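Everything numeric in this text was worked out from a predicted model, so none of it was measured. All heavy atoms count here, side chains included; hydrogens, waters and symmetry mates do not.
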Amino acid sequence: MVNFQTSHRPPRPNQVLKRHLKSNSTTKVLLLFRNLLRKGISSIDSFSLLFVIKACTQKSLPIEGKQMHALVVKLGFETNIFLQTSLIDLYSALGDIGDAHHVFDEIPTKNVVCWTALISGFVDNRKPNKALQVFRQMQIGNVEPDQVTLTIALSACIDLGALEMGEWIHTYVNRRKELSKDLCLINALINMYAKCGDIEIARRLFDSTKKKDVTTWTSMIVGHALHGQAEEALGLFAAMKEENKRTRAKKTSYDSWSGLLIVPNDVTFIGVLMACSHAGMVEEGKKHFRSMIEDYGVKPRLSHFGCMVDLLCRSGLLQEAYDLILDMPVQPNAVLWRTLLGACGTRGNIDLAAEARAQILELEGSRVDDNIIMSNIYAAKGMWDEKIDVREKMKQRRAPGCSSIEIGSLINEFVTADDDHPLKREIYEALGYLIETMKAHGYSPGKSSSSLY
DNA sequence: GTAGGGTTAG
């Protein structure tokens, strides 16, 4: 188990734990730790525990993780802030944000890192309101946020469409010069503006950022694509490749430029394909999809196939979309079939619609909007018996729905409610759906929510 | 030697 090749002395056990952790070999971490435990607790210190807790977090192991927490207490490391912080992270990865909060409360002198771990936990557990609440509490407690805290707070702003809070963070970043040097934070700001409805400011920030990485480019490409600005998105993608050409030309040897190139990744191509899809550029989309695989060695994931199916469907190439779904090497999900079903509804293709609906039923059961699409196709084709049949079945299993007025009041409630509000989940889902629908119609959250109702 | 970070189909 222990590798002796690289040194004459056997490596310290903690170094081995750390290495296994880095290479994602959770089982090796746990096995080695068990061996250490058997030798006696004297061979274990706070560093060993830390690495094992991180391994449990990586793989979301509740039983092993809680055993580690027990050991932390038993061995008297309860006040070790590094361990406490990693326990916050562990519980939030397990979905037990209450326990994470509990660990946090026990820390006598909370620093910026443990505050940030808790905020991050609330964001990851889909409680962005609570995350921002803790973010404010932290400032009331006179702990200054750093670049990591602000990056995470910005993702809470995105989840809520909270442009004003995002702007406040931007001002804060501008006031503290050392913060504006952090590219991750700048990327988060660009992303926040793009997602919260101010694509022009996002673009200005992007343009003024001299040193960009692949995420800077990707955030902006995706931002334009989400706003239906296909030309800008594809233009940026071309500009990015152009910049690589210049970098290559400027430097003489491979070594001097290879690390400076911006290599598009799987997410970049999601943006590119989304843009093609919105603009109905079928051939361009296919070209980029091929290039992604052949030139950049990116293996397409379900979401890439989703983009391609969307692209084909929007252009009315339903049969080709269907063939792609059957041919692709990954298992299609209900969302993907629903893309096809929706397009069949618009184009009136009964056979493919029935097939798509059957697949959706198998994957996740009946849903009202799918039935409505089917019912409308039948009605449009004058197939009244079939339409009545679908409608009858819908009556038997009515899914909850709400009117736009109800959604308006839900939004009010959503804005004011605490994350622990019993209706929060429902409100969240309704609002999420609404925002998606509005986005599809070109609306951006955060900009003019008052005009909604 | 130790803790917290970003872009992803509809």
Side-chain angles (χ1 to χ4, degrees), chain A residues 11-15 17-19 21 45-51 53-54 57 77 80-90 92-93 100 103-104 107 110-121 123-124 145-155 158 182-192 194-195 212-223 225-226 264-278 285 298 300-311 313-314 332-343 369 432-433 436-437 439-440:
Chain A
R12 310 267 314 142
N14 283 345
Q15 295 303 325
L17 284 173
K18 193 178 177 183
R19 212 170 54 223
L21 180 69
D45 61 8
S46 67
F47 291 84
S48 345
L49 284 166
L50 184 77
F51 299 138
I53 292 171
K54 285 189 95 169
T57 306
F77 292 119
N80 181 316
I81 197 159
F82 292 88
L83 287 173
Q84 299 304 92
T85 309
S86 65
L87 284 171
I88 293 175
D89 208 29
L90 168 75
S92 100
V103 174
F104 174 83
I107 302 174
K110 301 166 179 70
N111 63 16
V112 60
V113 184
C114 49
W115 277 102
T116 306
L118 185 65
I119 295 168
S120 175
V123 173
D124 292 343
D146 68 5
Q147 68 280 15
V148 183
T149 324
L150 296 170
T151 304
I152 296 165
L154 283 170
S155 59
I158 292 172
D182 190 285
L183 190 52
C184 280
L185 181 52
I186 301 300
N187 291 343
L189 278 169
I190 292 173
N191 196 31
M192 183 278 297
K195 296 270 169 61
K212 305 179 179 78
D213 67 2
V214 62
T215 307
T216 322
W217 287 94
T218 301
S219 299
M220 203 60 233
I221 291 170
V222 171
L226 286 174
N265 60 25
D266 49 344
V267 189
T268 320
F269 279 101
I270 294 276
V272 170
L273 296 175
M274 266 167 61
C276 294
S277 176
H278 288 312
V298 173
R301 286 181 286 114
L302 184 59
S303 46
H304 295 99
F305 286 106
C307 290
M308 290 309 287
V309 168
D310 197 43
L311 174 73
C313 282
R314 281 183 201 235
N333 61 6
V335 175
L336 208 147
W337 283 114
R338 195 167 282 120
T339 305
L340 181 63
L341 177 60
D369 36 354
Y433 179 74
E436 288 310 312
T437 313
K439 271 187 197 160

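- Between A:Pro145 and the options A:Leu150, A:Thr116, A:Ile152, a side chain to side chain contact (heavy atoms under 4.5 Å, CB included) holds for only A:Leu150.
- Evaluation of atom-type donor-acceptor distances gives no pair under 3.5 Å for the side chain of A:Asn80 against the base of B:dA3.
- Of the side-chain N and O atoms in A:Lys18, none sit less than 4.0 angstrom from OP1 or OP2 of B:dT2.
- Phosphate proximity of B:dT7 to A:Lys195: absent, as no side-chain N or O sits under 4.0 Å from OP1 or OP2.
- A straight line from CD1 of A:Ile158 to C1' of B:dT8 spans 13 Å, rounded to a whole angstrom.
- If you check every strand for non-hydrogen atoms under 4.0 Å, A:Ile190 touches nothing.
- Between A:Arg301 atom CZ and B:dT7 atom C1' there is a gap of 11 Å when expressed in whole angstrom units.
- As judged by a 4.0 angstrom heavy-atom cut-off over every strand, A:Val222 is placed among residues touching the sugar-phosphate backbone only.
- Considering only the side chain of A:Phe47, B:dG1 comes nearest among B:dG1, B:dT7, B:dA3.
- Of all non-hydrogen atoms in A:Lys212 and A:Trp217, the two that sit nearest each other are CB-NE1, 3.6 Å.
- Using a 4.0 Å heavy-atom distance criterion, A:Asp124 is classed as making no nucleic acid contact.
- Comparing B:dA9, B:dT7, B:dG4 against the side chain of A:Met274 picks out B:dA9 as the nearest.
- Side chain of A:Thr149, nearest nucleotide from B:dA9, B:dG4, B:dT8: B:dG4.
- Remark: C1' of B:dA9 and NE2 of A:His278 are 9 Å apart, rounded to the nearest angstrom.
- Under the side-chain contact (heavy atoms from CB on, under 4.5 Å) criterion, A:Leu311 pairs with A:Cys276, A:Ser277, A:Met308, sequence neighbours left out.
- The side chain of A:Thr85 has B:dA3 as its nearest neighbour among B:dG5, B:dT8, B:dA3.
- As judged by a 4.0 angstrom heavy-atom cut-off over every strand, A:Gln84 is placed among residues making no nucleic acid contact.
- The CG-P distance, from A:Asn265 to B:dA9, rounds to 13 Å in whole Å.
- The nucleotide whose nearest atom lies closest to any side-chain atom of A:Thr151 is, among B:dG4, B:dG5, B:dT7, B:dG5.
- Considering only side-chain atoms of A:Lys54, the nucleotide from B:dA9, B:dA3, B:dG5 that sits closest is B:dA3.
- Look at CD1 on A:Ile88: it is 12 Å from P on B:dG5, rounded to the nearest Å.
- Checking A:Ser48 against A:Asp45 by side-chain atom types alone, a donor-acceptor pair falls below 3.5 Å.
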task = Under the side-chain contact (heavy atoms from CB on, under 4.5 Å) rule, what do A:Leu154 and A:Asn191 come out as? Steps first, then yes or no, please.
result = CA-CA 9 Å; A:Leu154 283 170; A:Asn191 196 31; over 6 Å; no
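- Looking at heavy-atom distances under 4.0 Å, A:Ile221 makes no contact with the nucleic acid at all.
- Listed nucleotides B:dA3, B:dT7, B:dG4 differ in distance to A:Ala117; the shortest reach to its side chain belongs to B:dG4.
- Per the geometry, CG belonging to A:Leu189 stands 13 Å off C1' belonging to B:dG5, to the nearest Å.
- Note on A:Leu336: a base of the nucleic acid sits closer than 4.0 angstrom, heavy atoms only.
- The distance from atom NZ of A:Lys212 to atom C1' of B:dT7 is 15 Å, rounded to the nearest whole Å.
- Shown here are the salt bridge (charged side-chain N to carboxylate O under 4.0 Å, His left out) partners of A:Asp266, two or more places apart in sequence or in another chain: A:Arg301.
- No engagement by A:Asp266 is indicated, since no non-hydrogen atom pair under 4.0 Å with the nucleic acid exists.
- Nearest to the side-chain atoms of A:Ser46 among the listed nucleotides B:dG1, B:dG4, B:dT2 stands B:dT2.
- Proximity note for A:Asn191 (side chain, C-beta onward) versus B:dT7, B:dT2, B:dG5: the nearest is B:dT7.
- Heavy atoms of A:Leu302 sit under 4.0 angstrom from at least one base atom.
- At the heavy-atom level, A:Val309 lies nowhere under 4.0 Å from the strands shown.
- Out of B:dT8, B:dG4, B:dG1, the shortest distance to the side chain of A:Ile270 is found at B:dT8.
- Taking atom CG on A:Asn333 and atom C1' on B:dA9, their separation rounds to 9 Å, with Å as the unit.
- Evaluated for a side chain to side chain contact (heavy atoms under 4.5 Å, CB included) with A:Val267, the options A:Val214, A:Thr218, A:Thr215 yield exactly one hit, A:Thr218.
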